[in-house]
Q: 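Before I ask anything, let me first share the structure, which is written out below as structure tokens.
Quick caveat, the model's predicted, so the values are computed rather than measured. Lettering follows sequence order; numbering is per chain, from 1.
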Amino acid sequence: MKERYDFDEIEIKRQKYWSDKGLHKAEADTSKKKFYCLEMFPYPSGKIHMGHVRNYAIGDVIARYKKMRGFNVLHPMGWDAFGLPAENAAIKHGVHPAKWTYENIGYMKKQLDRMGLSYDWDRETATCSPGYYKWNQWFFLKLYEKGLAYKKASFVNWCPSCVTVLANEQVIDGACWRCDSAVVQKELEQWFFKITDYVEELLQGCDELTGWPERVVAMQRNWIGRSEGVEVDFPLETGDEKLRIYTTRPDTIFGVTYMCLAPGHPLTERLVQDKTALDAIKAKSGKEETKEGIFTGHYAINPLTGEKIPVYVANFVLMGYGTGAIMSVPAHDQRDFEFAKKYGLPIKTVIIPEGGQEEEMPNEAFEGEGTLINSGKFNGFKSADAKGAIAVFIEEKESGKRTVNYKIRDWGISRQRYWGTPIPIIYCDKCGIVPVPENDLPVILPEDVSFTGKGGSPLLESERFLNVKCPACGGNAKRETDTMDTFVDSSWYFIAYCLKDDIDLKSQISNLKSPINYWMPVDQYIGGIEHAVLHLLYSRFFTRCMRDLGVISSGEPFRNLLTQGMVCKETWKCPDHDWLFPEEVKDGRCVNCGKQVEKGRIEKMSKSKKNVIDPDALIKKYGADTMRLFSLFAAPPERDLEWSDKGVEGAYRFLNKVWGIVYKNNNALCVKRDESKENITGASRITDYASRLLRKTHQTIRKVTDDIEKDYHFNTAIAALMELVNEMSSFTPENEEDRSALGFAVKNTLMMLAPFAPHFAEELWEATGGNPSIFEQPWPEWDETLAKDEEIELVVQINGKLKAKMLAPAGLTDEDARQRALQDERVKEMLDGREIKKVVVVKGKLVNIVLG
RNA sequence: GCCGGAGUGGCGGAAUUGGUAGACGCAAGGGACUUAAAAUCCCUCGGAGCCUGCUCUGUACGAGUUCGAGUCUCGUCUCCGGCACCA
């Protein structure tokens with residue numbers, strides 16, 4: 001072996017070795033226990049970034065570790081290849097989205113391979129390939145058959161800059177999630193997936209997501225937003241029209257002093273005379289913090305009290321939730337309270353808190369539960385009881401019914417964009433909406449379109465695509481020109497990976513022994529927290545739909561989820577030149593202007609903040625193993641990672657140290673024996689020397705295995721390996737026993753290092769005579785008796801404070817420990833003859849002497 | 001406002017069911033090797049005191065439970081993330 005650690009040569013050699021061996025290929029085999037390890041696939045934006053590196057390094061450690069544990073491991077990778085950036089690149093640079101995308105895929109794939117990731121590339125999929133998106137279309141047709149895909153006109157979130165519709169989830173604080181432009185409302189015909197049909201199941205399924213981070217499950221529950229309440233009809237004073245409201249607080253219904261309609265409510269136009277005032281309210285709808293409203297001039301009747309109640313239109317009432325109308329109880333709802341104060345409306349208290357009294361002039365609404373007053377026959381009821389009783393009463397009076405409401409809406413999937421899956425629908429003047437026959441799939445995305453960026457669907461311009469014969473009547477018809485939301489693509493790619501060459505979902509229906517049913521669910525899914533709601537919820541929905549189609553036998557796709565933290569780095573800012581690259585800062589000054597720079601916060605790596613590290617450069621300087629090792633060592637996976645150039649050097653030093661030990665061991669050990677100048681006397685001394693290293697090795701195997709198994713805490717596992725290596729580096733073997741102990745330590749260190757620094761471990765494995773691949777070795781096992789310490793440090797406390805430490809044989813009895821502590825000269829001195837009240841002994845660890 | 005999560009050295013981070021606070025790494029200081037530097041190796045490294053050994057103190061803050069609290073309970077403060085006029 002070479003004296004120097006030449007990472008570049010080794011890594012390329014080992015990547016070829018694994019590839020030639022087909023080490024990462026997976027085959028479904030029901031006789032083997034499987035492990036499906038999956039990292040969220042990337043959008044092929046051009047180059048991988050450190051976030052990818054971390055994500056994939058974590059996944060690769062798990063995949064390689066599980067393989068060594070004897071699992072049949074599936075570890076695939078592919079490309080989330082449809083999406084806006086490709087189209088934007090086409091508009092900007094005139095490159096066709098397909099060309100742009102496939103070129104990026106080619107480059108990024110090389111980068112991933114250079115990292116030494118153990119993917120089975122036979123299963124690679126790009127969602128933009130017809131072989132993949134055909135099944136998006138097939139799935140769409142199946143949902144359409146079941147009434148789960150439907151078209152409706154609705155107000156949608158429209159981004160004027162991206163010229164497209166956005167899902168509710170893609171709107172953040174009224175702005176586009178991608179470009180930050182203000183989102184406007186526009187009425188369009190859209191295709192929807194009926195996720196609301198599965199909402200109860202998706203919610204209940206949350207209880208079973210025990211392998212998911214709690215906060216992600218909480219976010220999903222929160223997004224679904226289930227609430228139980230009552231819909232109540234308030235008849236209008238004039239005519240037979242009724243106002244239907246939704247409330248979760250029927251216990252406060254006697255406190256209603258006015259009502260509010262959403263500006264978009266169907267009745268507003270009829271009730272409000274002053275259209276300019278109405279328009280003003282509409283303009284302020286759903287945006288502003290301040291509450292504004294107008295009186296309609298109409299009154300409704302509270303069905304329980306018969307009271308006459310003024311009806312308002314208010315900007316803060318949402319049309320999309322409940323019935324778009326509310327009953328207002330200012331005494332017990334802060335929003336209603338503020339509105340009432342502003343417009344001088346009465347406030348009627350109907351709930352008093354436990355042990356409280358009715359306040360004359362409340363300063364704020366009391367939103368808690370309590371006891372009912374001013375509520376007719378329900379006076380004296382507790383809120384919880386009153387909710388039920390009043391709901392029943394309303395139902396008996398046929399004034400309303402108990403209902404469950406959800407915040408989640410159906411999933412709008414239409415996008416007025418080119419680079420996505422064509423929706424397989426044909427519009428015929430005679431037959432109306434006609435689905436493309438299954439046999440005609442895929443509907444291929446045409447290439448002959450131009451990218452002007454002027455908006456509208458580019459597909460409208462492709463005559464060959466647009467004009468089609470109606471499958472039903474044969475007459476002239478037109479295709480749907482919208483494409484699907486790319487979240488459709490990513491909602492089932494993990495199922496596609498299970499099928500190797502041909503993603504034929506249909507052929508797998510009702511096949512209990514299909515590869516899908518062998519590999520699914522994903523045992524470990526790893527990705528960023530940013531997908532906590534969207535992607536993960538849609539995938540759970542899709543998998544359930546697939547289950548109901550018979551494609552898969554169970555509906556929960558991801559057993560365990562690990563959300564890795566962000567990769568962060570410090571930032572630099574110049575008062576004139578904004579964010580600076582680290583190399584633009586010299587001695588605390590900006591190299592452009594010489595001004596004092598400000599050390600900014602530690603932020604997520606981003607090009608705009610100029611605090612990115614380029615993985616290519618890192619690999620060139622230190623190699624992939626060092627990069628992987630550092631990103632795994634610096635923090636536990638779920639936490640944010642602060643990038644440190646010095647820390648990377650530390651990881652590199654560590655590998656060099658191991659290399660040095662193995663090199664020395666391999667070549668110089670045999671000679672060393674005669675050159676020995678040290679005086680080591682007595683065989684027992686030598687035995688002890690070797691057995692200490694042996695013990696440490698067994699302890700390390702236990703620690704590393706536990707750390708990986710428990711929570712994938714690779715940072716502490718690597719720390720334990722470093723400890724062992726430190727011990728090895730100061731170990732000079734003097735005899736056969738020593739040499740075999742060191743050999744054992746080296747061999748096990750390499751095996752444990754293998755998932756983290758695979759090329760490095762594989763190279764040294766071979767250099768030390770290991771054969772075949774280290775990844776075909778079983779994970780090391782420890783011997784509990786050999787791992788046991790012979791001596792322990794017995795801690796003596798007096799009144800809980802550490803006073804002395806002494807060596808004692810392991811496994812001593814509590815009584816022995818007690819005697820040793822009490823008879824220690826120094827302890828005796830400190831006790832100074834004072835009365836001992838009690839002695840607490842913690843087995844094999846500690847004695848606490850409690851004085852009176 | 002509601003729901004999560006977190007506050008430990010100069011820094012990243014360790015500490016089974018409550019039982020030696022600060023593993024491992026980085027930075028820093030000192031030393032060895034070298035003509036010199038790099039690399040490497042050795043030592044020190046929470047704070048304060050007498051710098052030998054030791055003593056006191058210390059895990060955001062304040063109480064509490066306990067023989068014993070970074071860990072459990074209650075309260076306070078700060079920071080981060082998500083949701084947010086959802087009736």
Q: Restricting to ring-ring contact (aromatic ring centres under 6.0 Å, His included), what partner residues turn up for A/His265, sequence neighbours left out?
A: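 A/His265 satisfies ring-ring contact (aromatic ring centres under 6.0 Å, His included) with no residue once adjacent residues are dropped.
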
Q: Compare all side-chain heavy atoms of A/Tyr663 with those of A/Tyr5 and state whether any distance is below 4.5 angstrom.
A: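 A/Tyr663 vs A/Tyr5: side chains apart.
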
Q: Might you confirm whether atom CZ of A/Arg215 has over 12 heavy atoms from other residues, nucleotides or ligands at distances under 6.0 Å?
A: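 Check fails, neighbour count at 12 or below.
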
Q: With 3.5 Å as the limit, what N/O pairs link the protein to nucleotides 44-46 of chain B?
A:
none

Q: Answer yes or no: does a side-chain N or O of A/Arg826 lie under 4.0 Å from OP1 or OP2 of B/rU55?
A: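 For A/Arg826, the contact criterion (side-chain N or O under 4.0 Å from OP1 or OP2 of B/rU55) is not met.
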
Q: From NZ of A/Lys838 over to P of B/rU66, roughly how many Å is that when rounded to an integer?
A: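 A/Lys838 atom NZ is separated from B/rU66 atom P by 10 Å.
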
Q: For A/Arg639 and A/Ile529, find the nucleotide of RNA chain B closest to each by heavy atoms; which residue's nucleotide sits nearer the 5' end?
A: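 It is A/Arg639 whose nearest nucleotide is closer to the 5' end.
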
Q: Which one, B/rA87, B/rG4, B/rG13, comes nearest to the side chain of A/Arg215?
A: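 Looking only at side-chain atoms, A/Arg215 lies closest to B/rG4.
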
Q: Rounding to a whole Å, what distance do you find between A/Trp659:CH2 and B/rU40:P?
A: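 After rounding, the reported distance stands at 17 Å.
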
Q: May I have the distance from A/Tyr652 (atom OH) to B/rU40 (atom P), rounded to whole angstrom?
A: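 So the OH-P distance, A/Tyr652 to B/rU40, works out to 10 Å.
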
Q: Give the rounded distance in Å between these two atoms: CE of A/Met219 and P of B/rA84.
A: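 Atom-to-atom, A/Met219 to B/rA84, this comes out as 10 Å.
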
Q: Show which side-chain atoms of residues 845-852 of chain A pair as donor or acceptor with protein atoms under 3.5 Å away, not counting sequence neighbours.
A:
unit_1	atom_1	unit_2	atom_2	d
A/Asn848	OD1	A/Asn799	N	3.4
A/Asn848	OD1	A/Gly800	N	2.9

Q: Rounded to the nearest angstrom, tell me the gap between atom CZ in A/Arg4 and atom P in B/rA39.
A: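 Checked: the CZ to P distance equals 15 Å.
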
Q: Rounded at 0.5 Å granularity, tell me how far CD in A/Glu727 sits from OG1 in A/Thr700.
A: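 Interatomic distance, A/Glu727 CD to A/Thr700 OG1, rounded to 0.5 Å: 8.0 Å.
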
Q: With rounding to the closest Å, how many angstrom separate the P atoms on B/rG47 and B/rA15?
A: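 So the two P atoms sit 23 Å from each other.
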
Q: Charged N to carboxylate O under 4.0 angstrom, A/Asp824 versus A/Arg820?
A: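 So A/Asp824 does not pair with A/Arg820 through a salt bridge.
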
Q: P atom, B/rC41 versus B/rA27: distance in rounded Å?
A: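 My reading of the P atoms in B/rC41 and B/rA27 gives 13 Å.
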
Q: Could you check how far CD of A/Glu642 sits from P of B/rC11, rounded to whole Å?
A: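 The answer, rounded to whole Å, is 11 Å.
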
Q: Pull up the glycosidic torsion of B/rG9 and say syn or anti, syn being anything within 90° of 0.
A: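 Here the answer is syn: the torsion falls within 90° of 0.
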
Q: Between B/rG18 and B/rC11, how far is it from one P atom to the other, in whole Å?
A: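 Going atom to atom, P in each nucleotide, I get 30 Å.
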
Q: Is A/Lys703 salt-bridged to A/Asp707, cutoff N-O under 4.0 Å?
A: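 Judged by the 4.0 Å cut-off on N to carboxylate O distance, A/Lys703 and A/Asp707 do form a salt bridge.
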
Q: Suppose you measure atom C1' in B/rA23 against the same atom in B/rG9; what distance do you get, rounded to whole Å?
A: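 B/rA23 and B/rG9 have their C1' atoms separated by 14 Å.
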
Q: Quick one: A/Glu214 CD to B/rG81 C1', roughly how many Å, whole number?
A: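 Result: 15 Å.
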
Q: Under the side-chain contact (heavy atoms from CB on, under 4.5 Å) test, which residues partner A/Glu835, sequence neighbours left out?
A: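 A/Glu835: no side-chain contact (heavy atoms from CB on, under 4.5 Å) contacts found.
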
Q: Rounding to an integer number of angstrom, what distance separates B/rC72 and B/rU16 when you compare their C1' atoms?
A: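 Straight-line distance between the two C1' atoms is 16 Å.
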
Q: Where do A/Val61 and A/Pro755 come nearest, in terms of heavy atoms and distance?
A: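 Answer, listing the atom of A/Val61 first, then A/Pro755: CG2-O, 3.5 Å.
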
Q: Side chains of residues 249-260 of chain A: which donor-acceptor pairs under 3.5 Å do they make with residues two or more places apart or in other chains?
A:
unit_1	atom_1	unit_2	atom_2	d
A/Arg249	NE	A/Asp251	OD1	3.0
A/Arg249	NE	A/Asp251	OD2	3.3
A/Arg249	NH1	A/Glu367	O	3.0
A/Arg249	NH2	A/Asp251	OD2	3.0
A/Arg249	NH2	A/Gly368	O	3.3
A/Asp251	OD2	A/Ser383	OG	3.2
A/Thr252	OG1	A/Arg249	O	2.8
A/Thr257	OG1	A/Pro346	O	2.9
A/Tyr258	OH	A/Asp336	O	2.7

Q: Dot-bracket for RNA chain B: what is it, with Watson-Crick or G-U pairs under 3.5 Å, [ ] where a pair crosses earlier ones, and | for a pair to another strand?
A: (((((((..(((......[....))).(((((.......))))).((((....))))..(((((..]....))))))))))))....

Q: I'd like to check the side chain to side chain donor-acceptor pair (under 3.5 Å) partners of A/Glu723; sequence neighbours left out, ordered by chain and number.
A: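 So A/Glu723 forms a side chain to side chain donor-acceptor pair (under 3.5 Å) with A/Lys696.
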
Q: Among residues 561-568 of chain A, which ones have heavy-atom contacts with RNA chain B below 4.0 Å?
A: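 When residues 561-568 of chain A is checked for heavy atoms under 4.0 Å from RNA chain B, there are no hits whatsoever.
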
Q: Between B/rC77 and B/rG10, how far apart are the P atoms? Round to whole Å, please.
A: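 Their P atoms lie roughly 26 Å apart.
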
Q: Assign A/Pro213 to base, sugar-phosphate, or nothing according to its heavy-atom contacts below 4.0 angstrom with the strands shown.
A: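 Nothing, no nucleic acid heavy atom in range.
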
Q: Output all residues satisfying ring-ring contact (aromatic ring centres under 6.0 Å, His included) with A/Phe234, sequence neighbours left out; order by chain, then residue number.
A: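 Expected list: none.
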
Q: Taking ring-ring contact (aromatic ring centres under 6.0 Å, His included) as the definition, give me every residue that meets it alongside A/Phe366, ordered by chain and number, with sequence neighbours left out.
A: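 Counting only residues at least two positions away or on another chain, A/Phe366 forms no ring-ring contact (aromatic ring centres under 6.0 Å, His included).
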
Q: Categorize A/Asp640 for me: base, sugar-phosphate, or nothing, with a 4.0 angstrom heavy-atom threshold over every strand shown.
A: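 The residue A/Asp640 makes sugar-phosphate contact but no base contact.
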
Q: Among residues at least two apart in sequence or on other chains, which ones pass ring-ring contact (aromatic ring centres under 6.0 Å, His included) with A/Trp212?
A: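 Checked A/Trp212 against ring-ring contact (aromatic ring centres under 6.0 Å, His included); zero matches.
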
Q: Taking the P atom of each, how far is B/rG75 from B/rG4, in whole Å?
A: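 Those two atoms are separated by 14 Å.
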
Q: For A/Lys407 and B/rA87, is the shortest distance between a side-chain N/O and OP1 or OP2 below 4.0 Å?
A: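 A/Lys407 to B/rA87 OP1/OP2: no side-chain N or O under 4.0 Å.
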
Q: Search all heavy atoms of A/Arg540 against all heavy atoms of A/Leu202 and return the closest pair with its distance.
A: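 Looking at all heavy atoms of both residues, the closest pair is NH2-O, 2.9 Å.
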
Q: Using a cut-off of 4.0 Å on non-hydrogen atoms, how would the nucleic acid contact of A/Lys837 be classed: base, sugar-phosphate, or nothing?
A: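 If one applies the 4.0 Å heavy-atom cut-off, A/Lys837 turns out to touch nothing in the nucleic acid.
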
Q: So that I can tick it off, tell me whether A/Lys387 and A/Glu228 are bridged by a salt bridge, with the cut-off set at under 4.0 angstrom between side-chain N and carboxylate O.
A: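 Answer for the salt bridge query: no.
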
Q: When the C1' atoms of B/rU55 and B/rA60 are compared, how many Å lie between them, rounded to an integer?
A: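 Pairwise C1' distance, B/rA60 against B/rU55, rounds to 27 Å.
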
Q: For nucleotides 16-30 of chain B, give me one character per nucleotide, 5' to 3': B if any protein heavy atom sits under 4.0 Å from the base, S if the only such contacts are to the sugar-phosphate, - if neither.
A: ---BB--BBSSS---

Q: Could you tell me the separation between the CD atom of A/Glu603 and the C1' atom of B/rG81, rounded to a whole number of Å?
A: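 These atoms are roughly 14 Å apart.
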
